[in-house]
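Scroll down for the structure; my scribbles are underneath it.
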Amino acid sequence: MSSTEGLNTTVAYNRYQPLLDGLIDAAVIVDRDLKPRAWNAAYAHAVGVRGRRLAKLSSAPGICCHNLFAIELCHKDCLASRCFRTNRFVRMDEIHGGSQIVAGPEDGIVGRMPKRNSTLIVSAMPLPDEKGEAVFVLEVYRDVTTEARFQQRYKEMLAQERHRTEDLALQVRLRTAELEQSLEKLRATRAQLIRSEKLSSLGQLVAGIAHEINNPVNFIYGNIEFLHSYVVKFIEHINSIEAMLTSPKQQAKIKELKQAIEFDYLVEDTKQLLNSVSNGAERVTSIIRDLRSFIRGGSEVIREPVNIENCLDTTINLVKHQARGRINIVQQYRLGLPIVIGNEGQLNQVFMNLIVNAIQAIDKKGTVTIAAKLHDNGINIDVSDDGVGISESDQLKIFDPFFTTKPVGQGTGLGLSISYSVIDAHGGRLAVRSKLGKGSTFTVWLPAQANQMT
C-alpha cells in the first residue's frame, strides 16, 4: 500500500467511520479511484468478507468497489463516478443484484454477489474537503427486496382484481343486454295486448257508428244523381223558354234578369257543387267500407294456401303505375319460400297499403325494396323506403285507428290499423322501424304452413 493510499484510508476511517457505523444499510466510502477506504459491518456482511481479509482485498491492485459488491448499475452507470463528476447527490431506485462474480487477485477470495432477484436503492453523496471539492463519495446500498416483492405481489393482486372486475363487468353487460332484450320483448307484447284490446273495444263502437252513418250517406249518395238530372232539366227548360221569345224587348229583359242573378256562374257552380257532394259521399262510403274491414279484421273469411311470392308480384304489378319514372321498386325474394295459410285478397290489401305508403313517403325520387325470407318458422316480408321517415312518437301510434301523418283529406288513418288487424288475425305480426330522414321499414311476419318447415 502506498503512503497516499494509506493516508486516504486513515483520513476516511477517522473522519467518517462513526457515520458509517451509525447506518443500518450497507455503506462504503470510496476515493476518486473508486477504491473502498472505509465501510460498515452491513457492507462487510453484504460483500461476504470481513476484517483484515476485506481490508487486504480492498487494497489489492486493480480492485475497485464494484469488484467487491457488483450490481448491474456498476457496469452501466457508476454512481460514484457520476457523483465525483457532478459533485451532487445521486440516487437510483430499484437496482437489481448483479450477475458477475470477480475473484480477489491475490488470495482467491470471492466477493458474495447480491442475488439476481434482489432489489436495491443505491445512493451516492460527495464528501468534500475544505475547498469544497469531493475527495470521497459515500455509497449507501439499501436492500428493499422484501418491499419490492410485496409491491410486485400487490401489483399482481391488483391486476388479478382488475381482471376479475373486468370479467364481472363483462358478465354484467351481457346480462344487462339479455335483460334489455327481454324487457323489449315484454314491452312489445304489452303494446300488442294493449293495441289488441283497444282495437277490440273500438271495434264495437265503430260497428254502431258505421251502421248509423251508412243510412244517411246512402240517402245522399242515392239522390245525387236525381238532383243532377233535375238541375240539367231546369237549365234546358230555361234555355228553351229563352229561345221561344222573339221580341227583342223580351230577350233583353231575360238577359237582364240572368245578369242580375249571375245565371251563367250559378249554372257552372251548381255543377261543381254537385260533383263535390258526389265525391264527398263517395269518400264517406269508402271510409265506411274501411271501417267494416277494420271491424271484421279478417276473422270470418275463407283461408287457403297462399304463395307469398305470387301475392307480392300481383300487388306490385297493381301499384307500378304510381311509381313509374320516380320510384325504383326492388324485389328481393328468397327462392323456395314456404306456403302460408290465409286469405290472399286480404294479404294483397295489406301489401298494397304498405307499398303505397312507402311510395308516398318519398318526396322526389327514391327506392322501395320488397324483401321476403325465412325467419322464426315463418316468412318475414320487409317493405322498405328511403323516404322521410317516421318520428319515434308517431311510431307508437302508427297502428292506431284514424291516426295519420298525411295532410287532412289525404288519408283516413285506417289503412295500417286494418293491415294490423288482418295480420293479427292470420297469426302474424306487423312492426315498424324508422328514423326521420332515413326512411322506414314495415315488417310482416306470417307463420308458415307446418309441413313446409320440416
Side-chain angles (χ1 to χ4, degrees), residues 184-207 209-210 286-303 306 308 311-312 315 319 340-361 368 370-372 375-376 378-385 387 389-406 410-434 439-448:
E184 189 63 31
K185 290 181 180 179
L186 288 174
R187 286 174 176 170
T189 303
R190 177 177 177 273
Q192 186 173 5
L193 290 174
I194 292 175
R195 188 177 291 116
S196 298
E197 182 65 23
K198 184 188 299 183
L199 294 179
S200 176
S201 302
L202 190 59
Q204 300 177 10
L205 175 64
V206 168
I209 295 176
S286 176
I287 292 174
I288 294 174
R289 184 167 55 250
D290 288 344
L291 287 172
R292 286 175 173 172
S293 297
F294 168 71
I295 297 168
R296 289 195 300 268
S299 59
E300 301 177 357
V301 295
I302 298 175
R303 305 287 179 85
V306 177
I308 290 297
C311 191
L312 290 171
T315 304
V319 301
V340 302
I341 301 299
N343 182 273
E344 185 170 357
Q346 288 189 338
L347 292 178
N348 280 336
Q349 178 186 7
V350 171
F351 298 142
M352 176 82 73
N353 282 335
L354 297 181
I355 297 173
V356 169
N357 284 347
I359 293 174
Q360 293 176 349
V368 173
I370 299 97
H375 179 74
D376 193 19
I379 305 176
N380 259 7
I381 301 98
D382 290 334
V383 179
S384 305
D385 65 74
I390 306 169
S391 67
E392 292 185 8
S393 58
D394 285 347
Q395 289 180 47
L396 300 175
K397 301 176 288 185
I398 197 70
F399 298 114
D400 290 349
F402 307 109
F403 177 80
T404 179
T405 59
K406 297 177 181 178
Q410 295 187 17
T412 62
L414 288 172
L416 289 176
S417 298
I418 294 172
S419 298
Y420 187 92
S421 299
V422 169
I423 297 302
D424 183 66
H426 280 71
R429 300 186 295 268
L430 176 59
V432 61
R433 302 189 311 275
S434 183
S440 305
T441 296
F442 283 84
T443 299
V444 174
W445 178 84
L446 292 170

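All values derive from a computational prediction rather than experimental measurement.
In this structure, I390 and S434 approach most closely via the heavy-atom pair N-OG, 2.7 Å. For I423 against V444, the heavy-atom pair with the smallest separation is CD1-CG1, 3.6 Å. Counting all heavy atoms, side chain and backbone alike, C311 lies closest to V306 at CB-CG1, 4.3 Å. Considering every non-hydrogen atom in both I379 and A372, the closest pair reads CG2-CB, 4.5 Å.
Of the possible donor and acceptor atoms, none in the side chain of H426 sits under 3.5 Å from a partner among the backbone N and O of R303. Between the side chain of N343 and the backbone N or O of G345, at least one donor-acceptor pair lies under 3.5 Å. Not a single donor-acceptor pair under 3.5 Å links the side chain of D400 to the backbone N or O of F403.
Using a 4.5 Å cut-off on side-chain heavy atoms (C-beta onward), L354 and I381 make no contact. With a 4.5 Å cut-off on side-chain heavy atoms, N357 and F442 do not count as touching.
Partner E344 forms a side chain to side chain contact (heavy atoms under 4.5 Å, CB included) with one of V340, N348, L347 and no other, that one being N348.
A tilted orientation is assigned to the rings of F399 and Y420, their planes being inclined by 30° to 60°.
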### Query
Checking side-chain contact (heavy atoms from CB on, under 4.5 Å) for the pair H375/T443: CA distance, chi angles, key distance, verdict?
CA-CA 11 Å; H375 179 74; T443 299; over 6 Å; no
